[in-house]
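Structure first, then comments.
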Protein chains: 2
Amino acid sequence: MARPREFNEEQVIENLMKVFWDKGYEATTMSDLVNASGLLKGSLYGAFGDKHALYMAALRHYDRTRIQAGIDMLNGEGTARQKIARLFDNVIESTKRGLFAGGCLLCNASLEMAATDRDIKNEVKTTIRRLKVAIMEALQPQVENEDQAASLAAFIVSAYFGTRVLAKGGAPAAMIGDTRDHCLQLIP
Amino acid sequence: MARPREFNEEQVIENLMKVFWDKGYEATTMSDLVNASGLLKGSLYGAFGDKHALYMAALRHYDRTRIQAGIDMLNGEGTARQKIARLFDNVIESTKRGLFAGGCLLCNASLEMAATDRDIKNEVKTTIRRLKVAIMEALQPQVENEDQAASLAAFIVSAYFGTRVLAKGGAPAAMIGDTRDHCLQLIP
DNA sequence: CTAGTTTATGACCATTTGGTCAATAATTCA
DNA sequence: TGAATTATTGACCAAATGGTCATAAACTAG
């Protein structure tokens with residue numbers, strides 16, 4: 001019925017997300033986003049809205065792709081302990097490679113934006129719950145009751161997020177390994 | 001020998017720090033800092049340097065005051081378990097009060113700035129080590145050997161930082177309580 | 001008092017910021 | 001073909017950004 005879009009929306013959002021992931025919200029300029037998207041400013045605004053809307057789209061995309069990949073892994077093969085170990089190993093590995101400095105966009109968004117932006121806080125809150133529930137379900141088979149699984153899952157999410165802070169802060173990789181090992185000890 | 005300063009340097013840095021603590025580096029403008037300091041722009045630059053230097057001063061001030069207060073507490077009275085519990089209770093309390101949204105400036109700096117700013121990364125790294133060592137020393141009396149204390153301390157720092165991420169992200173306070181409880185379980 | 005030194009003041013600046021818009025180009029339906 | 005609708009383009013904008021600087025003011029040693 002009208003002129004069709006010339007870009008792949010999913011691909012553009014993936015590229016936009018990487019900028020926010022790498023630099024954070026405030027340090028990212030519209031100019032950065034224009035470059036990363038390949039679109040021109042007017043098209044970006046027309047298609048997605050303003051900078052805040054772009055960030056929201058990036059957050060949702062992160063949830064749909066990266067977080068979901070973690071959840072799929074938690075739903076996959078292996079013992080609870082193996083799955084949780086893999087979660088931390090991702091952090092250790094990406095720290096050692098040291099190529100992409102973004103860390104975890106969810107953590108970044110939580111600390112940079114959630115305190116002052118209601119929309120972002122809601123998105124973050126929802127995604128944290130999703131992750132926690134997936135961990136709970138991975139723990140269920142090996143744990144006495146649901147409350148046990150819930151509190152253990154909360155604790156694992158904390159420790160996991162903590163390793164993201166350590167990794168970016170340049171703490172030795174051993175601290176992350178130690179954190180992982182202690183977490184695994186607590187899983188029956 | 002010359003005109004004396006008209007302001008209390010310590011007080012000004014305290015005020016500057018609070019702005020960075022509350023808003024982060026990028027979201028803070030020189031105008032914010034001018035307002036918070038009570039000085040005029042020229043004086044601020046003359047006395048402390050540019051925005052980056054102000055942030056570094058703020059980070060060091062945070063270390064000298066807030067982090068040090070935590071370390072003093074860890075060096076004070078009580079069992080290791082009581083001290084670690086108090087660490088987490090601070091997070092829970094400040095979450096419940098909900099007045100000041102800054103969370104932990106060290107965590108904020110780590111996620112917002114450490115990946116792209118070498119100076120800040122070094123400062124963060126140093127402060128994390130300081131905190132870890134203090135936790136280690138609090139654990140020493142109740143733990144078999146030094147390695148045990150070190151790995152347990154690394155783990156507690158992770159969990160602690162994780163609760164800071166959860167708190168800002170609007171996760172339920174119960175998750176922070178659960179994290180604390182599991183951490184305490186691991187302390188002999 | 002004077003010379004020398006540091007601090008305070010606020011006007012000033014180039015650049016960058018996020019954002020808009022009118023004109024033009026594709027497309028579909030009738 | 002032509003009307004209707006949506007996309008693309010890039011020039012344009014006001015406001016805000018981090019930062020500088022010449023001048024005036026306050027102090028001390030001699």
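By convention in this document, chain letters (A, B, ...) are assigned in the order of the sequence lines, proteins followed by strands, and residues within each chain are numbered from 1.
Here C:dT24 presents its P atom at 18 Å from CD of A:E6, a figure rounded to the nearest Å. Between the CG atom of A:N35 and the P atom of C:dT17 there is a distance of 11 Å, given to the nearest Å. Rounded to whole Å, the distance from CE on B:M30 to C1' on D:dG18 is 7 Å. One atom, CZ of A:R5, and another, C1' of C:dT28, lie 17 Å apart when rounded to the nearest Å. At whole-Å resolution of the value, CG in A:L54 and P in C:dG19 are 9 Å apart. Nucleotide D:dT6 holds its C1' atom 15 Å from the CG atom of A:L39, rounded to whole Å. Rounded to a whole Å, the OH atom of B:Y45 is 14 Å from the C1' atom of C:dC12. Between A:Y55 atom OH and C:dG19 atom P there is a gap of 15 Å when expressed in whole angstrom units.
Counting only heavy atoms from C-beta outward, the side chains of A:I135 and A:Y160 never approach each other to under 4.5 Å. For the pair B:V91/B:T179, no side-chain contact is recorded, criterion being any heavy-atom separation below 4.5 Å from C-beta on. Two residues are said to be in side-chain contact when any heavy atoms from C-beta on lie closer than 4.5 Å; B:L16 and B:V19 fail this criterion.
Within the 4.0 angstrom heavy-atom criterion, base atoms lie near A:G42. At a threshold of 4.0 angstrom between heavy atoms, the contacts of A:S43 include nucleobase atoms, whether or not backbone atoms are also involved.
You'll find that the side chain of A:K51 is closest to C:dG19, out of C:dG19, C:dA8, C:dG10. The side chain of B:A2 has C:dT6 as its nearest neighbour among D:dG10, C:dT6, D:dG18.
Along DNA chain D, the nucleotide closest to B:T29 and the one closest to B:P4 are compared, and the more 5′ of them pairs with B:T29. For B:K41 and A:T28, each mapped to the nucleotide of DNA chain C holding its nearest heavy atom, the one lying further toward the 5' end belongs to B:K41.
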Between B:M30 and B:L33, is a side chain to side chain contact (heavy atoms under 4.5 Å, CB included) present by the stated rule, with each step listed?
CA-CA 5 Å; B:M30 286 308 299; B:L33 297 169; 3.9 Å; yes
Assess whether side chain to side chain contact (heavy atoms under 4.5 Å, CB included) is satisfied between A:L54 and A:T28, documenting all intermediate values.
CA-CA 11 Å; A:L54 289 176; A:T28 296; over 6 Å; no
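Judged by distance alone, with hydrogens and angles left aside, A:R3 brings no side-chain donor or acceptor close enough to the base of D:dT6 to form a pair under 3.5 Å.
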